[in-house]
Number of protein chains: 2
Amino acid sequence: MKSHIETNEPAGKRYEQIANQLRGAIVSGNWMVGHALPSEQQLAQDHQVAVGTIRQAVALLVEQGLVERVHGRGTFVRGVISGAGMLRFFRFGSQPDVLPRSFILSVKIQPASEKAAAALQIAPGSQTLYVMRLRQIQERPCLLEDIVLPLPRFQALGHAAPSQWGDFLYPAYERLCAVHVQHVTDTITFNRLTGAQAKRLELAKDHPCAKVERIAYDRLHSPVEWRVTRGDAHAFRYTNSIL
Amino acid sequence: MKSHIETNEPAGKRYEQIANQLRGAIVSGNWMVGHALPSEQQLAQDHQVAVGTIRQAVALLVEQGLVERVHGRGTFVRGVISGAGMLRFFRFGSQPDVLPRSFILSVKIQPASEKAAAALQIAPGSQTLYVMRLRQIQERPCLLEDIVLPLPRFQALGHAAPSQWGDFLYPAYERLCAVHVQHVTDTITFNRLTGAQAKRLELAKDHPCAKVERIAYDRLHSPVEWRVTRGDAHAFRYTNSIL
DNA sequence: AAGTGGTCTAGACCACTCT
DNA sequence: GAGTGGTCTAGACCACTTG
């Protein structure tokens, strides 16, 4: 035994330890979104290390998207991820300045299905908020979404009127439920519309559709939302760069 | 005028300048794939800067995927990108140890179409090597590819017998034509098969298909290959993480 | 044991933003 | 001008790989 004091920092690289501590302060909500971290000088003093070491620690957090450096101003806790909108998967003939509108078709409390439970890492049958949403551009319906949110975490959302949710959900999660979506995984497959789905999208039954299944995670990498989005396969277009 | 000596290093950050010089040595083929860069100490001396500055320069190249650090051994020029295989887009009932086979259906020299020319940034009508390839897993055809390669860069490939190309093309490009694919952009859309395509894939005409259009780039960010891959839409599955 | 990259220090000076 | 992050220096010592 090297020391009689139990330290729960299992040691390793100094900058990793510091990054972990900083991450803790962020994910615990101790430092809110937009909050400025202490200056590098300050952190170096606090942790009794050189500034360079602090810079390495912060670099890790930047890589993980938790934090953002701004030259001359400071380092800030990042908000909800950007560029996660479903519309990036589809090209509907919309000018960029035409914003899509959301229509909540239904909100129910119901037990999680097998698939939803697996995605959200909760017990099958747990209570969830189940939302159906239609998105349209210039009066034309284009995307149909089934959204499953675990309770009680999203209770506040259920209590608020859907009209108050707004056209984008992630900011609403943040505002009403203090849930910060930090990371998503999208799985794209191809399918055909059921009769009910086709009706909502004003397409024919069995029309080909692109299906995007998304799991959204918060800063602790806990899954917080499971979403299935369907749209016309012929409007689907997705570009990705690798390496 | 600050100096009467014309310098073609337009100046800026020292580590960027150095990174540019190193990049030049790599993309010019001066340092081949697998070649070890000089040690950080050596580079620091050569460029008359501190080691830390060299580390920043090399970090840039690592980010760009040009170079790879190995602790205790050195820094090495990276080869062809990995994980770019088309099969990652599809789930055919194949064990991971069953390797797909390639069949070259045809090789022709023909002028570039409008689309191919745009993708490859060459003049429409330029000479290209046009390859049709079928990939199959366990005797079952699954992917049909149209591949366009600019001439004269790929002349050596045209001269070699297709049987010598192997089951994977990028290593062949490297081996035969000294073309190093460094980066690709894939665009996914959904479509229907033409009669001819359907026949090759042993599916019905108008069967839904996933179409992946790829432009591959070398280390200079010049497009070197345009490829259109088609497969059964129902076998398509693609997962992507964002942020 | 010699050589490599990885971590860390303790500064200096520069570029940018805000007041 | 005061405070922030960005660049750069000139070292020390550690961890890993190879002969």
Side-chain angles (χ1 to χ4, degrees), chain A residues 2-3 7 9-23 25-26 30-79, chain B residues 2-3 7 9-23 25-26 30-79:
Chain A
K2 296 202 163 111
S3 151
T7 163
E9 277 289 355
K13 283 157 256 180
R14 195 75 184 87
Y15 69 88
E16 279 185 353
Q17 295 171 29
I18 295 172
N20 288 336
Q21 286 179 243
L22 296 175
R23 188 182 302 109
I26 294 169
N30 208 328
W31 289 337
M32 307 295 277
V33 170
H35 186 282
L37 269 62
S39 75
E40 298 179 338
Q41 290 292 340
Q42 188 60 53
L43 287 170
Q45 243 185 311
D46 294 354
H47 293 83
Q48 288 292 295
V49 296
V51 182
T53 304
I54 295 297
R55 290 185 66 78
Q56 273 188 286
V58 173
L60 276 187
L61 302 182
V62 170
E63 243 181 327
Q64 295 162 17
L66 273 171
V67 121
E68 188 178 11
R69 283 193 217 254
V70 185
H71 191 171
R73 298 216 303 131
T75 304
F76 304 88
V77 177
R78 277 189 36 143
Chain B
K2 294 198 163 117
S3 152
T7 164
E9 276 288 354
K13 284 156 254 177
R14 196 73 184 88
Y15 70 88
E16 278 186 352
Q17 295 171 28
I18 296 173
N20 288 337
Q21 285 181 243
L22 295 175
R23 188 183 302 107
I26 294 170
N30 209 329
W31 289 337
M32 307 293 277
V33 171
H35 186 281
L37 269 62
S39 74
E40 297 179 336
Q41 290 293 340
Q42 187 61 51
L43 287 169
Q45 243 184 312
D46 294 353
H47 293 84
Q48 289 291 296
V49 296
V51 181
T53 304
I54 295 296
R55 291 185 65 77
Q56 273 187 287
V58 173
L60 276 187
L61 301 183
V62 169
E63 244 182 329
Q64 295 163 18
L66 274 173
V67 121
E68 188 179 11
R69 281 195 219 256
V70 185
H71 191 171
R73 298 216 303 130
T75 303
F76 303 88
V77 177
R78 277 189 35 145

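Chain letters run A, B, ... following the sequence lines, proteins first, then strands; residues in each count from 1.
Applying the salt bridge (charged side-chain N to carboxylate O under 4.0 Å, His left out) test to pairs two or more places apart or on separate chains, those with a residue in residues 67-76 of chain B are B/Glu40-B/Arg69. Pairs of residues two or more places apart, or lying in two chains, never qualify as salt bridge (charged side-chain N to carboxylate O under 4.0 Å, His left out) while including a residue from residues 41-54 of chain B.
For the residue pair A/Gln56 and A/Arg14, no side-chain donor N or O sits within less than 3.5 Å of a side-chain acceptor on the partner.
Listed by chain and residue number, nothing satisfies the side-chain contact (heavy atoms from CB on, under 4.5 Å) test with B/His71 (two or more places apart in sequence, or in another chain).
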Pairs: protein N or O with nucleotides 15-19 of chain C N or O, under 3.5 Å:
residue	atom	partner	partner atom	Å
C/dA15	N3	A/His71	NE2	3.0

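Both B/Pro38 and A/Ala50 lie close to DNA chain C; mapped to their nearest nucleotides by heavy-atom distance, the more 5′-ward contact belongs to B/Pro38.
Side chains of A/Leu60 and A/Glu16 form a contact here, defined as non-hydrogen atoms less than 4.5 Å apart. Residues B/Arg23 and B/Gln64 are in side-chain contact: their nearest non-hydrogen atoms beyond the backbone lie under 4.5 Å apart. Counting only heavy atoms from C-beta outward, the side chains of B/Val77 and B/Leu66 never approach each other to under 4.5 Å. Using a 4.5 Å heavy-atom cutoff, the side chains of A/Leu37 and A/Phe76 are not in contact. Taking 4.5 Å as the limit, every side-chain heavy atom of B/Val70 sits out of range of all side-chain heavy atoms of B/Thr75.
DNA chain D is contacted by A/Arg55 of residues 54-63 of chain A, taking any non-hydrogen atom closer than 4.0 Å.
Here the straight-line distance linking atom CD of B/Gln21 with atom NE2 of B/His47 works out to 4.0 Å at 0.5 Å rounding.
For DNA chain D, the contact window with chain B, defined by any atom under 4.0 Å from a protein heavy atom, covers D/dT7 to D/dT18 in 5' to 3' order.
Within 4.0 Å of B/Val49, counting heavy atoms only, lie sugar-phosphate atoms of the nucleic acid but no base atom.
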